[in-house]
Amino acid sequence: MKLFTIFGNPINHSKSPRMYNKCFKYYGLNDYCYTRTLLENGEDIIKTFKKLKISGASVTVPHKEWAYKLADEVRGIAKEIKAVNCLVLEGDKVIGYNTDAPGFMESISEFDYQSVLIIGAGGTAKALSLMMDADILNRSENRLKDFKNHKTFTWDTFEIKQYDLIINTTSAGLNDDNLPARQEILEELFKNAKYVVDVIYHETPFQKLSKKYNLKIKDGSDMLVYQGVLQFEKFVDFEIDKKEVAKFMKSVL
Ligand SMILES: NC(=O)c1ccc[n+]([C@@H]2O[C@H](COP(=O)([O-])OP(=O)(O)OC[C@H]3O[C@@H](n4cnc5c(N)ncnc54)[C@H](OP(=O)(O)O)[C@@H]3O)[C@@H](O)[C@H]2O)c1
């Protein structure tokens, strides 16, 4: 039996066990089992992983930074993001990865774009900016100093130009009716764009506004699914049909 789990707090709501178990079954991995583990103290994450003899784990809020600090080894983009959302046992070592930003890239793999504008300058924007050459637009100045390799603007300094892909990474619209930038800025951008992506799962005022234009629109659910698809690939350690696994995971969400 190979045991997998998701560490988080709270964790009761997590649909990950259904998502991963369905995919294990599809691949005939009948001795693989994925559960939930409520972890109160992030400092215990690797100790608990080893004690429970787990083969692989997903890590969610609020433990991603602890997983990054305590994994025996961290690989790939996780080193730059400084957060780990996937732990895999290799020999006697627990290896940490981050599949959030690569999952986002996978979720837009069919898009054909040259120029990108990321709206927002928080943790999600930072992770995505490591994967793409994008300009950054944020409401306020302070967090923009973290984007040394990008052109950055506040709402007041922004000069409108054409971008193929516009990504909202702010929490505007998550629990309110706010837009992530002034409406007139967004409408000008939408006029000349091809794609709009929002990292929020439900329909936001940003997505609603973009519907007035002839754009391809994606919400955050594909990003969530594809970070899971990439974790699944690490857990099983063979090449998978990503689109097929994504379809299964989506059917659970
Ligand atoms: N789909 C997925 O799998 C996925 C994964 C991760 C996160 N998310 C979502 O991503 C969003 C951001 O998360 P995060 O961790 O990056 O947040 P964060 O680090 O707290 O950053 C929030 C950003 O949003 C901006 N902001 C907040 N309210 C705003 C408003 N009313 N108008 C304009 N800008 C506003 C902030 O601007 P200031 O700097 O001016 O404060 C900041 O740039 C959340 O909604 C989260 O649920 C989705």
Side-chain angles (χ1 to χ4, degrees), residues 61-62 64-65 68 77-83 85 98-108 111-224 226-227:
V61 181
K64 292 185 189 182
E65 281 76 24
Y68 165 76
I77 196 82
K79 284 199 251 186
E80 288 174 77
I81 299 175
K82 298 191 181 356
N85 74 328
N98 189 303
T99 67
D100 284 327
F104 177 86
M105 297 308 290
E106 194 70 42
S107 77
I108 60 162
F111 288 2
D112 173 23
Y113 57 88
Q114 302 291 327
S115 47
V116 186
L117 179 69
I118 294 178
I119 309 178
T124 307
K126 235 158 90 188
L128 298 191
S129 74
L130 292 169
M131 312 287 298
M132 45 174 58
D133 181 17
D135 291 354
I136 315 292
L137 169 63
N138 197 42
R139 173 176 65 177
S140 58
E141 180 107 40
N142 192 29
R143 298 191 216 224
L144 289 174
K145 62 180 178 313
D146 297 335
F147 295 81
K148 298 251 177 331
N149 299 323
H150 297 262
K151 257 196 189 154
T152 61
F153 307 93
T154 63
W155 294 4
D156 292 331
T157 62
F158 188 56
E159 299 148 22
I160 290 181
K161 63 173 219 198
Q162 191 269 332
Y163 294 95
D164 294 333
L165 170 61
I166 297 161
I167 307 168
N168 173 37
T169 69
T170 75
S171 38
L174 183 65
N175 300 309
D176 54 45
D177 292 328
N178 292 327
L179 286 165
R182 289 191 193 111
Q183 182 163 342
E184 61 273 21
I185 294 182
L186 292 174
E187 299 222 39
E188 276 307 311
L189 290 168
F190 291 159
K191 271 184 205 163
N192 297 305
K194 287 160 82 177
Y195 310 102
V196 158
V197 182
D198 196 337
V199 300
I200 296 176
Y201 314 128
H202 60 76
E203 194 181 58
T204 57
F206 172 75
Q207 291 169 47
K208 267 190 204 147
L209 185 67
S210 70
K211 278 192 173 155
K212 287 191 353 207
Y213 299 83
N214 190 22
L215 300 162
K216 184 147 180 33
I217 305 165
K218 222 181 233 294
D219 67 22
S221 50
D222 275 4
M223 178 181 178
L224 179 72
Y226 273 97
Q227 62 78 32

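These numbers were taken from a predicted model, which means no experiment stands behind them.
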Checklist entry - Which residue pairs pass the salt bridge (charged side-chain N to carboxylate O under 4.0 Å, His left out) test when at least one of the two sits in residues 133-142, sequence neighbours left out? => result Asp135-Lys161
Item to check | Nearest non-hydrogen partners of Pro205 and Gly173, listed with the distance | outcome: CD-CA, 4.0 Å
Checklist outcome for this item: Tightest non-hydrogen contact, residues Thr99 and Gln227, listed as OG1-O, 2.9 Å
Next on the checklist: With heavy-atom distances below 4.5 Å as the criterion, would you say the side chains of Tyr163 and Phe190 are in contact?
Outcome noted: no
Item to check | Exercise: do Asn168 and Thr170 side chains pair donor with acceptor under 3.5 Å | outcome: yes
Checklist entry - Is there a donor-acceptor pair under 3.5 Å between the side chain of Asn98 and the backbone N or O of Ala83? => result yes
Checklist entry - Can you name the residues that form a side chain to side chain donor-acceptor pair (under 3.5 Å) with Lys148, not counting sequence neighbours? => result none
Checklist entry - Could you give the distance from NZ (Lys126) to CG (Asp146), rounded to the nearest 0.5 Å? => result 4.5 Å
Next on the checklist: The criterion is side chain to side chain donor-acceptor pair (under 3.5 Å); which residues satisfy it with Asp156, sequence neighbours excluded?
Outcome noted: Arg182
Item to check | Evaluation steps, side-chain contact (heavy atoms from CB on, under 4.5 Å), between Val197 and Phe104 | outcome: CA-CA 10 Å; Val197 182; Phe104 177 86; 3.7 Å; yes
Checklist outcome for this item: Closest non-hydrogen contact found for Glu65 with Lys82 is CG-O, 4.0 Å
Checklist outcome for this item: Shortest non-hydrogen pair, Ile217 vs Ser210, comes out as CD1-OG, 3.3 Å
Next on the checklist: Can you tell me which residue among Tyr113, Tyr195, Tyr226 is in a side-chain contact (heavy atoms from CB on, under 4.5 Å) with Ile108?
Outcome noted: Tyr113
Next on the checklist: Just so I know, are the side chains of Ser115 and Leu165 near enough to count as touching, which here means a heavy-atom distance under 4.5 Å?
Outcome noted: no
Checklist entry - Between Asp100 and Ile81, is a side-chain contact (heavy atoms from CB on, under 4.5 Å) present by the stated rule, with each step listed? => result CA-CA 10 Å; Asp100 284 327; Ile81 299 175; 5.9 Å; no
Next on the checklist: Taking side-chain hydrogen bond (donor to acceptor under 3.5 Å, both in side chains) as the cut-off, I'd like each qualifying pair that reaches into residues 172-181, sequence neighbours left out, listed once.
Outcome noted: Asp176-Asn178
Checklist entry - Listed by chain and number, what are the side-chain contact (heavy atoms from CB on, under 4.5 Å) partners of Ala121, not counting sequence neighbours? => result Ile136, Asn138, Arg143, Leu144, Phe147
Item to check | Audit row: Phe111, Val116, side-chain contact (heavy atoms from CB on, under 4.5 Å) steps and yes/no | outcome: CA-CA 12 Å; Phe111 288 2; Val116 186; over 6 Å; no
Next on the checklist: Just to verify, what does Glu188 make a salt bridge (charged side-chain N to carboxylate O under 4.0 Å, His left out) with, not counting sequence neighbours?
Outcome noted: Lys191
Next on the checklist: Please enumerate all residues that pass side chain to side chain donor-acceptor pair (under 3.5 Å) together with Lys151, with sequence neighbours excluded.
Outcome noted: none
Checklist entry - Roughly how far, to the nearest 0.5 Å, is the CD1 atom of Ile167 from the CD1 atom of Ile118? => result 5.0 Å
Checklist entry - Shortest non-hydrogen contact from Ala125 to Thr169? => result CB-OG1, 3.3 Å
Checklist outcome for this item: On a heavy-atom basis, the closest approach of Ser107 and Met223 is CB-N, 4.0 Å
Item to check | Pairing residues for Ser221 by the side chain to side chain donor-acceptor pair (under 3.5 Å) criterion, not counting sequence neighbours | outcome: Asp219
Item to check | side-chain contact (heavy atoms from CB on, under 4.5 Å) involving Gln183 - partner list, sequence neighbours excluded | outcome: Leu179, Glu187, Leu209
Checklist entry - Which residues pass the side-chain contact (heavy atoms from CB on, under 4.5 Å) test with Ala181, sequence neighbours left out? => result Leu137, Trp155, Leu186
Checklist outcome for this item: Contacts of Thr157 meeting side-chain contact (heavy atoms from CB on, under 4.5 Å) (sequence neighbours excluded), chain-then-number -> Phe153, Thr154
Checklist entry - How would you list all residue pairs meeting salt bridge (charged side-chain N to carboxylate O under 4.0 Å, His left out) that involve residues 195-204, not counting sequence neighbours? => result Glu203-Lys211
Next on the checklist: With a sphere of 6.0 Å drawn around CD of Gln114, does it hold more than 12 non-hydrogen atoms of other residues, nucleotides or ligands?
Outcome noted: no
